[in-house]
Structures are given as C-alpha cells and as structure tokens.
> 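Please read through the structure below; I'll follow up with questions.
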Amino acid sequence: MAGPIFSYSFIIPESVIDENGHVNNVAYVQWMQEAAIRHPESVTEYKPAENTTWYAREHRIEYLLPAFPGEEIEVRTWLSEIKRVRAHRKYEFLRKSDGKVIVKGETDWIYVNAKTGRPIALPAVVGELFPVLPD
C-alpha cells in the first residue's frame, strides 16, 4: 500500500504562460487531472475495473502566488474522503525554490460505469490501496 500523499515534480514550460507573464489558471486544472491519473498508476497493486472511469463533478482552486516559466513545481495529491460513489481529492502545488504553496485545489470525482455514465459504488480496494488523509 502506498502512503496517502502522491507527489511528482516538473519544470513549468513556456507553453502555459499567459499574457500576464505567469502560469495560466487553466493549466492548473490540467495538472490536477494529470495528478489524479498518475496517483493510481503509481500503485502497482491497483487494477481499475473494466468499463469504469471517473468524472469530475466539481473543481475548486485557490491561487495564492504566481508561477513563472522555468520554475520547478512539486504537485502533491491525496484523497481526503471516500464515499459510496465519490472520492474527494486535494492538491497542493509547491514552488521548489522556496517551498511556498502557490496553489491549492480540490476535486470531487464520481466513479461511473463508462458505458452508461451512471455512478457506481467504489470497489473496497480503492479504500484499501489509497489511504484517506482527512482534513
């Protein structure tokens, strides 16, 4: 079983910089989704059930500090709550040079049947392999 917090780092590319000279807010939503995908991929024991997927129900993002091209960012993500058909995931983006949290985010993910789009119960293995780190 993995620890509750999954993290990885990357260098901010020029391609996500907006007309204000810093990371465009839309990039953070993309990075949140990427972190949500990478986390289960990092747990070798986890095998998603066939014909299932996750839908984002709601995103919340708080922008604390701007980030700029060439800076190294660490993305941290964890599950803060698991319910019958839903998992609440939190994110932090830290600037590696000074350790400051630049963005915080949250997503409610709904587990669904990929063919029908209808919510289905999360398998028990999700709670077993991905420890919840409550608020």
> Check the hydrophobic clustering (I, L, V, M, F, W, Y; side-chain heavy atoms under 4.5 Å; chains of links allowed) and say if Ile61 and Ile102 are grouped together.
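Yes, because Ile61 and Ile102 connect within a single hydrophobic cluster, where side-chain heavy atoms sit under 4.5 Å apart.
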
> Side-chain heavy atoms nearer than 4.5 Å, only ILVMFWY residues, links allowed to pass through others: does that put Ile82 and Trp54 together?
yes

> Would you give the length of the straight line joining atom CG of Leu94 to atom NZ of Lys104, rounded to the nearest 0.5 angstrom?
10.0 Å

> Do Val43 and Pro40 make a side-chain contact, defined as non-hydrogen atoms from C-beta onward lying under 4.5 Å apart?
no

> Hydrophobic clusters here meaning ILVMFWY residues chained together by side-chain heavy-atom distances under 4.5 Å, can you tell me if Val103 and Leu65 are in one?
yes

> Please report the interatomic distance CZ(Phe93) to CG(Leu64), rounded to the nearest 0.5 Å.
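The CG atom of Leu64 is 11.5 Å from CZ of Phe93, to the nearest 0.5 Å.
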
> Please step through side chain to side chain contact (heavy atoms under 4.5 Å, CB included) for the pair Ile17 and Phe68, ending with a clear verdict.
CA-CA 7 Å; Ile17 304 306; Phe68 304 97; 5.6 Å; no

> How far apart are the closest heavy atoms of Ala36 and Tyr91, and which atoms are they?
CB-OH, 3.8 Å

> Is it the case that the side chain of Lys47 and the backbone of Thr44 share a donor-acceptor pair, with hydrogens and angles ignored and the cut-off at 3.5 Å?
yes

> Run the side chain to side chain contact (heavy atoms under 4.5 Å, CB included) test on Tyr63 and Tyr28 for me, step by step, so that the C-alpha distance in whole Å, both residues' side-chain angles and the decisive distance to 0.1 Å come before the verdict.
CA-CA 9 Å; Tyr63 303 99; Tyr28 289 102; 3.7 Å; yes

> Would you say Ser7 and Glu74 are linked by a side-chain donor-acceptor pair, where the criterion is simply a distance under 3.5 Å?
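Per modelled atom types, Glu74 and Ser7 side chains form a pair under 3.5 Å.
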
> If you compare all heavy atoms of Val85 against all heavy atoms of Ile120, which two are closest, and at what distance to 0.1 Å?
CG1-O, 3.2 Å

> Test ring pair (Phe, Tyr, Trp, His ring centres under 6.0 Å) on Trp31 and Phe10 and set out the steps.
CA-CA 10 Å; Trp31 293 335; Phe10 66 94; 4.6 Å; yes

> Would a 4.5 Å heavy-atom cut-off, applied to side chains only, mark Tyr8 and Glu34 as touching?
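When only atoms from C-beta onward are counted, Glu34 and Tyr8 do touch, with a gap below 4.5 Å.
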
> Taking Arg95 first and then Glu71, would you say they form a salt bridge - that is, a charged N and a carboxylate O separated by under 4.0 Å?
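So Arg95 pairs with Glu71 through a salt bridge.
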
> Among His59, Lys83, Arg86, whose side chain to side chain donor-acceptor pair (under 3.5 Å) with Asp108 holds?
Arg86

> Return the OG1 to CG distance between Thr52 and Leu122, rounded to the nearest 0.5 Å.
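Result: 9.5 Å between the selected atoms.
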
> For the ring pair Tyr46 and Phe130, is the centre-to-centre distance below 6.0 Å?
yes

> With a 4.5 Å cut-off on side-chain heavy-atom distances among I, L, V, M, F, W and Y, is there a chain of contacts connecting Ile37 to Phe6?
no

> Is it the case that the side chain of Asp18 and the backbone of Asn20 share a donor-acceptor pair, with hydrogens and angles ignored and the cut-off at 3.5 Å?
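Judged by distance alone, yes, a pair lies under 3.5 Å.
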
> Kindly give the heavy-atom pair with the smallest separation between Ala49 and Tyr111, and that separation in Å.
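Looking at all heavy atoms of both residues, the closest pair is CB-OH, 3.7 Å.
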
> Identify the heavy atoms of Val132 and Glu81 that sit nearest to each other, and give their distance.
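Closest pair (atom of Val132, atom of Glu81, distance): CG1-N, 3.8 Å.
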
> Would you kindly say whether His88 and Glu106 are connected by a side-chain donor-acceptor distance under 3.5 Å?
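Per modelled atom types, His88 and Glu106 side chains form a pair under 3.5 Å.
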
> Is a side-chain donor-acceptor pair under 3.5 Å present for Arg89 with Thr107?
no

> How long is the span from the CG atom in Asn51 to the CG atom in Asn113, to the nearest 0.5 Å?
6.5 Å

> So how far is it from Lys90 NZ to Arg60 CZ, rounded to the nearest 0.5 Å?
8.5 Å

> Looking at OG1 of Thr77 and CD of Glu92, how far apart are the two atoms once the value is rounded to the nearest 0.5 Å?
10.0 Å

> Between Gly21 and Pro69, what is the shortest heavy-atom contact and its length?
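Where Gly21 meets Pro69 most closely, the heavy atoms are O-CD, 4.2 Å.
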
> Compare every heavy atom of His39 with every heavy atom of Pro4, then report the nearest pair and how far apart it is.
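Result for this residue pair: O-CE1, 4.1 Å.
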
> For the pair Ser97 and Glu72, evaluate side chain to side chain contact (heavy atoms under 4.5 Å, CB included) and give the outcome as yes or no after the intermediate values.
CA-CA 7 Å; Ser97 63; Glu72 186 175 9; over 6 Å; no

> Please tell me whether Ile5 and Leu79 are part of a single hydrophobic cluster in this structure, the criterion being side-chain heavy atoms less than 4.5 Å apart.
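Different hydrophobic clusters.
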
